[in-house]
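Remarks on the structure that follows.
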Amino acid sequence: MTAIPRRTRRTERPTPVLPTLPDDFAVRVIAWQQRYGRHHLPWQNTGDAYRTWLSEIMLQQTQVSAVLGYYARFIERFPTVQALAAAPADDVMAAWAGLGYYTRARNLHRCAQIVVAEHGGVFPRDPDVLTTLPGIGRSTAAAIAAFSYGVRAAILDGNVKRVFARAFGIDGFPGDKPVEETMWRIAEAVLPPAGGIQPYTQGLMDLGATVCTRGRPACLTGERACPLESLCEARRTDRVMELPLPRPRKAVPERAATVMMALHDHAVLLHRRPQRGIWGGLWSLPLVGDMDDALNAHPKDAATVRDAAQTYGTVGAVEPAGELTHTFTHFRLHMHLLRVDMTEPAALEDDWRWVSLTQLGTVGLPAPVKLALETLLQPSLV
DNA sequence: AATTCGGGGTG
DNA sequence: CACCCAGAATT
């Protein structure tokens, strides 16, 4: 009888090797935070899980400086989760316009309604329950639970990934699955006891934002002390500026769109974008033929634009009005602008409306569309 | 596991 | 211009 070699499962992966972790990591972070960390951000220590949640959603992929104004306006306009849940979706989108990642705003609204309808208006304290809510992933759930309720849970955001990559000498791009898994294990392993979770979590964020920064880390500029310097692997091996490894680069696709600016009686025609896709749910200038691959899409000619515009009224003059290029994270958009004068507007379907030029500020407009309008109109009107 | 979602800050 | 930011949802 010949022995049959046991087949190794193809899904089997080597257990990620964890670096040796110091036992005083959290102690260092907490002590540093209490003395040198940020203590006066408007969403800190409010004792209000609603405010913690709102700030965490706004801060996803968005810097503190960009969030401050939006947060203040949101709290004023929607002071409670009940107020937000009861608000029209359009109002929420308008308040979010300009912050980007508009799926966050739709999820925010849905989440508020679920919290009110199914949780009595109180945010859950269990991270696993929080994760089931729209817009809340593993890291955001941990941040909400830790800040609002003192629950011992690990975050892992861009700041923390950078601190870990340097402190523990983690090679590889942190967005890669295996690297990210390793970092989650580290994050769980270095957690302090529950009593210190708030200053610890805040301290990790503050370290990444003010000391262990991407461009000018304090250990190299000497501007301030880093509590991790004596244990930092990147510092020891002189690799601070190398870590974490950057995202592998790809060519940025080029796309083009013909943008119609139809005017009638000091009002402009706007169209609400579909919920899915770019600028989902936001009002925009109509795009004739939407966005096309720039290689085979040339600007639509005046006759095509006139044809498209006739759906919305009687068309007068059609004139080219310049070109704008906007770079997104994942593609570059060339916008060809055409101005259309409408002499007699027709009845409009849902998701279409004429907006007075003086009212444009009250509508949620994506930044490039706002820029196009500013280019075509007097800046004071937008 | 890889892609899709923005706008703005920073070097 | 390149790269990143208190990431999550989708495919």
Side-chain angles (χ1 to χ4, degrees), chain A residues 11 13 37-38 41 43-44 52-71 96-108 110-111 130-144 146-147 154-163 165 173-181 183-184 187 201-210 212-217 220-221 241 244-253 273-282 284 291 325-333 364-371:
Chain A
T11 56
R13 293 178 191 285
R38 298 175 292 188
L41 295 169
W43 44 82
Q44 285 180 313
T52 303
W53 163 71
L54 176 61
S55 71
E56 289 303 328
I57 302 299
M58 286 187 165
L59 286 160
Q60 287 169 0
Q61 297 298 101
T62 309
Q63 296 186 346
V64 168
S65 58
V67 164
L68 288 171
Y70 282 89
Y71 175 82
W96 196 274
L99 250 194
Y101 281 126
Y102 299 99
T103 298
R104 289 187 297 173
R106 287 197 305 279
N107 284 337
L108 186 84
R110 277 205 299 143
C111 182
L130 284 166
T131 303
T132 67
L133 296 169
I136 301 179
R138 181 172 175 183
S139 186
T140 300
I144 295 170
F147 285 138
I155 62 164
L156 186 62
D157 59 28
N159 281 327
V160 180
K161 285 176 177 173
R162 186 171 55 254
V163 171
F173 168 56
D176 272 353
K177 200 63 176 177
V179 179
E180 187 171 9
E181 263 179 42
M183 289 192 167
W184 272 117
T201 304
Q202 188 64 52
L204 272 186
M205 295 173 169
D206 293 351
L207 259 184
T210 67
C212 197
T213 61
R214 180 174 68 93
R216 307 175 67 246
L220 299 185
T221 66
M241 291 306 286
L245 296 191
R247 168 185 298 280
R249 236 20 212 155
K250 289 187 309 186
V252 177
R273 305 274 309 169
Q275 297 294 316
R276 326 269 314 223
I278 201 85
W279 303 332
L282 283 187
S284 165
M291 300 177 193
T325 298
H326 182 79
T327 304
F328 292 88
T329 306
H330 49 302
F331 67 92
R332 195 188 323 273
L333 177 65
L365 296 174
V369 173
K370 189 176 173 189
L371 180 63

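Within 4.0 Å (heavy atoms only), A/G208 reaches no atom of the nucleic acid at all. The residue A/Q44 sits apart from the nucleic acid: no heavy atom pair falls under 4.0 Å. Contacts of A/I278 with the nucleic acid, taken as non-hydrogen atoms under 4.0 Å apart, involve only primed sugar atoms and P, OP1 or OP2. Heavy atoms of A/I136 sit under 4.0 angstrom from primed sugar atoms or phosphate atoms, though from no base atom. As judged by a 4.0 angstrom heavy-atom cut-off over every strand, A/L333 is placed among residues making no nucleic acid contact. Among the atoms of the strands shown, only primed sugar atoms or phosphate atoms (P, OP1, OP2) are found under 4.0 Å from some heavy atom of A/A367. Within 4.0 Å of A/W96, counting heavy atoms only, lies no atom of the nucleic acid at all. Counting any heavy atom pair closer than 4.0 Å across all strands shown, A/F328 reaches sugar-phosphate atoms only and no base atom. Within 4.0 Å of A/R276, counting heavy atoms only, lie sugar-phosphate atoms of the nucleic acid but no base atom.
Between A/F328 and A/W279, the ring-plane angle classifies as tilted under the 30° and 60° cut-offs.
Residue A/L41 is the one, among A/L41 and A/T131, whose nearest nucleotide of DNA chain C lies closer to the 5' end (criterion: closest heavy atom). Each of A/A66 and A/G215 lies near DNA chain B, and the nucleotide nearest A/A66 is the one positioned closer to the 5' end. Mapping A/Y70 and A/R247 onto DNA chain B by nearest heavy atom places A/R247 closer to the 5' end of the strand.
Side-chain contact between A/M58 and A/W96 is present, with heavy atoms from C-beta onward closer than 4.5 Å.
Atom CZ of A/R216 is separated from atom P of C/dC4 by 18 Å (rounded to the nearest Å). Computed from coordinates, the A/R249 CZ to C/dC4 C1' distance equals 10 Å when rounded to whole Å. Summarising the geometry, the separation between CZ on A/R110 and C1' on C/dA9 is reported as 10 Å, rounded to the nearest angstrom. Atom pair A/L130:CG and C/dA6:P shows a separation of 21 Å (rounding to whole Å applied). In this structure, A/N107 atom CG and C/dT10 atom C1' are separated by 12 Å, rounded to whole Å. The interatomic distance linking A/R332 (CZ) with C/dC3 (P) rounds to 13 Å, in whole Å.
Put simply, the side chain of A/T329 and the base of B/dG6 share a donor and an acceptor less than 3.5 Å apart. Donor-acceptor pairing under 3.5 Å, judged by distance alone, is absent between the side chain of A/R214 and the base of C/dC4. At a cut-off of 3.5 angstrom, counting only N and O atoms as typed in the model, there is a donor on one side and an acceptor on the other between the side-chain of A/T62 and the base of B/dG6. Side-chain atoms of A/R104 and base atoms of C/dA9 include no donor and acceptor less than 3.5 Å apart.
Listed nucleotides C/dG7, B/dG7, C/dA6 differ in distance to A/S139; the shortest reach to its side chain belongs to C/dG7. Relative to the side chain of A/Q60, the nucleotides C/dA8, B/dG6, C/dC3 differ in distance, and C/dA8 lies closest. Closest to the side chain of A/P246, from the set C/dC4, B/dT4, B/dG7, is C/dC4. Distances were taken from every side-chain heavy atom of A/V64 (C-beta onward) to each of C/dG7, B/dG7, C/dA6; the shortest belongs to C/dA6.
The number of heavy atoms from other shown groups lying within 6.0 Å of CZ (A/R216) does not exceed 12.
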What do the steps show when you test A/R104 against A/N107 for side chain to side chain donor-acceptor pair (under 3.5 Å), and what is the final call?
-> CA-CA 5 Å; A/R104 289 187 297 173; A/N107 284 337; over 6 Å; no
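Close to C/dC5, at under 4.0 Å from its OP1 or OP2, lies no side-chain N or O of A/Q63. Checking the phosphate oxygens (OP1, OP2) of B/dG7, a side-chain nitrogen or oxygen of A/H326 falls inside 4.0 Å. Remark: A/R162 is in phosphate contact with C/dC5, judged by side-chain N or O atoms under 4.0 Å from OP1 or OP2. Remark: A/T140 is in phosphate contact with C/dA8, judged by side-chain N or O atoms under 4.0 Å from OP1 or OP2.
Side-chain atoms of A/R162 come within 3.5 Å of backbone atoms of A/C212 as a donor-acceptor pair (strictly under, hydrogens ignored).
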